Amino acid sequence: MSDKKLTPRASDFSAWYNETVLRAELADYSPVRGCMVIRPNGYGIWERMQRALDDMFKATGHRNAYFPLFIPESFLHKEAQHVEGFAPEAAVVTHGGGKKLEEPLVVRPTSETIIYSMFAKWVQSYRDLPILINQWANVVRWEMRTRLFLRTLEFLWQEGHTAHATHDEAEAEARQMLQVYRTFMEEWIAMPVVTGLKSESEKFAGALRTYSCEAMMQDNKALQAGTSHNLGQNFAKAFELTFQGESGATEYAWNTSWGASTRMIGGLVMTHGDDNGVRIPPKLAPTEVVIVPIWKSDEERSQLLEAAYNVKASLTSWGGRGDDRIRVHVDAREGMKPGAKYYEWELQGVPVRLEIGPRDLAAGTCMSARRDTRAKAPLAMSNLPESIAALLTTIQGDMLREARERREANSVREPISYDRFKELMEGEGAFVYAGWNGDPAIEAKVKEETKATIRCLPMDEFLPDGPAARCMVTGEPAKHTVIWARAY
RNA sequence: CGGGACGUAGCGCAGUCCGGUAGCGCACCUGAAUGGGGUUCAGGGGGUCGCGGGUUCAAAUCCCGCCGUCCCGACCA
């Protein structure tokens with residue numbers, strides 16, 4: 001590494017972000033423009049995200065399945081809005097086995113069409129419903145401009161797809177999964193989100209309603225971190241997904257779909273990173289504790305290494321967290337000074353570092369250092385697992401609190417003039433809660449003039465007498481409270 | 001597809017104006033000392049200078065063509 005300091009975040013957030021992702025070895029550029037290689041450091045975080053989300057999906061009755069990467073091009077065309085939304089960014093396979101294909105195959109940008117075509121075969125009666133499926137997969141969207149983790153041509157995600165007998169059941173499902181995402185993002189990523197309904201112009205191509213989780217990054221821009229759609233009967237009608245109801249009549253099913261991707265790793269970095277690298281919340285950290293033994297002589301070296309591995313054993317064998325054992329790594333590398341190791345692990349975001357040297361050995365202690373605050377404190381060896389577990393819990397909570405406080409400090413809930421709004425959006429940025437008269441033309445005008453978009457109509461809070469009372473732009477009585485922000 | 005910049009060792013760059021032995025920092029390898037916040041010294045390996053053509057005794061450098069990448073815009077349910 002040529003430079004010892006990272007680019008100061010304040011001067012150029014994008015440059016800081018790229019450098020942090022590359023130097024923390026989360027990802028790298030691939031030979032294909034816009035595609036990304038996720039390195040073991042980054043994939044370790046993804047694996048923990050997958051496991052946590054998968055458990056939550058199972059707990060809400062969903063099962064995993066797998067559908068094909070290739071979708072007949074005609075499938076995409078069966079739902080009018082859907083094809084309009086996705087055709088421009090589709091990657092299309094025209095040749096296979098050395099021959100031109102009779103019908104081109106689209107590399108899935110999302111799997112609604114292929115999945116609901118299958119659902120149609122599986123459902124006859126209302127007794128076959130609901131179908132609650134999730135798929136872990138990679139998808140391809142040919143974006144013009146890409147960014148590590150946030151917008152790549154190919155990305156990893158999960159997409160849930162369900163079919164229900166009634167509108168209300170589908171609506172309840174879409175909202176339930178939105179809450180699952182919120183819980184995951186707050187409790188695991190320590191990334192607070194605002195949840196709400198998307199405007200017509202921002203909703204999923206083919207959906208009745210789209211809900212999203214919106215997080216605020218450290219440059220005060222919004223990141224859409226997860227979405228949940230009530231698809232109504234749009235796809236059921238396109239793919240003849242029908243069933244016979246209790247009354248004997250044939251009805252179209254109601255679908256939902258919901259997704260979250262490796263984009264969340266980008267969100268994690270932009271929420272918690274600092275000038276020393278990334279900070280990973282303990283629950284998502286592949287390694288929660290790194291032990292750095294410190295020695296001078298060969299004699300001390302074997303002593304300290306033994307002590308370090310003993311500490312590791314005491315932590316990993318501790319059952320105070322049930323099956324979720326503390327994840328510990330001993331950095332036994334030689335020829336590297338302790339300070340150099342500290343910087344490296346801080347760059348990679350390991351939440352807690354333990355330093356063990358001859359002085360500690362004699363005193364029956366070790367030195368702990370928190371990654372989030374960089375605070376150091378001696379800990380007694382006698383009850384180390386308990387104190388480490390408590391420290392990890394504290395860090396997880398503090399990171400969420402810090403992120404929430406930062407977001408609140410940069411949210412505007414009082415009514416502001418449109419001029420002040422423009423100033424904000426061109427300057428430091430913010431989440432601005434404001435009234436909107438519901439007119440798409442106003443939404444387009446604001447986007448044109450400020451690049452800010454309606455992130456959502458928030459469900460978190462209802463502000464009948466606050467910003468919602470009047471439309472920020474026209475001053476006439478407002479129909480909705482919305483959150484405006486510039487977004488990734 | 002428009003506007004701008006760049007392409008030289010794994011990474012980051014200098015050298016190009018004004019042609020003359022392929023350089024620097026980091027990383028890597030060997031040895032010794034060092035080791036509680038980015039060690040030091042000594043030695044070493046590694047590059048068809050994006051590709052193709054032209055000018056020249058001689059091209060990373062000048063000329064022509066191509067390719068690629070990045071940034072700004074357009075695009076991003």
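Residue numbers start from 1 in every chain, and the chains themselves are labelled A, B, ... in the order their sequence lines are given, proteins ahead of strands. Computed over heavy atoms, backbone and side chain alike; hydrogens, waters and symmetry mates excluded. All values derive from a computational prediction rather than experimental measurement.
Remark: A:Met118 engages A:Phe67, A:Lys121, A:Trp122 in a side-chain contact (heavy atoms from CB on, under 4.5 Å) (not counting sequence neighbours). Shown here are the side-chain contact (heavy atoms from CB on, under 4.5 Å) partners of A:Arg353, two or more places apart in sequence or in another chain: A:Val290, A:Val292, A:Tyr342, A:Glu346, A:Glu355, A:Ala369, A:Lys376. A search for side-chain contact (heavy atoms from CB on, under 4.5 Å) contacts involving A:Glu334 returns A:Trp295, A:Arg301, not counting sequence neighbours.
Among the atoms of the strands shown, none is found under 4.0 Å from any heavy atom of A:Thr210. Residue A:Arg353 is classed as a base contact, given a heavy-atom separation below 4.0 Å to a base. Heavy atoms of A:Gly335 sit under 4.0 angstrom from at least one base atom. At the heavy-atom level, A:Glu202 lies under 4.0 Å from the strands shown only through sugar-phosphate atoms. Contact annotation for A:Lys451: backbone-only contact, meaning every heavy-atom pair under 4.0 Å involves sugar-phosphate atoms and none involves a base.
If you check residues 289-301 of chain A against RNA chain B, the residues with a heavy atom closer than 4.0 Å are A:Ile294, A:Trp295, A:Lys296, listed by number.
Screening residues 79-92 of chain A for side-chain hydrogen bond (donor to acceptor under 3.5 Å, both in side chains) gives no qualifying pairs among residues at least two apart or on separate chains. Applying the salt bridge (charged side-chain N to carboxylate O under 4.0 Å, His left out) test to every pair with at least one member in residues 429-448 of chain A, sequence neighbours left out, gives these pairs: A:Lys445-A:Glu449.
At most 12 non-hydrogen atoms from other residues, nucleotides or ligands lie less than 6.0 angstrom from CD of A:Glu299.
Residue A:Leu148 contributes atom CG, which lies 13 Å from atom C1' of B:C70 at whole-angstrom precision.
The side chain of A:Met144 approaches B:C75 more closely than any other nucleotide in the set B:G37, B:G35, B:C75.
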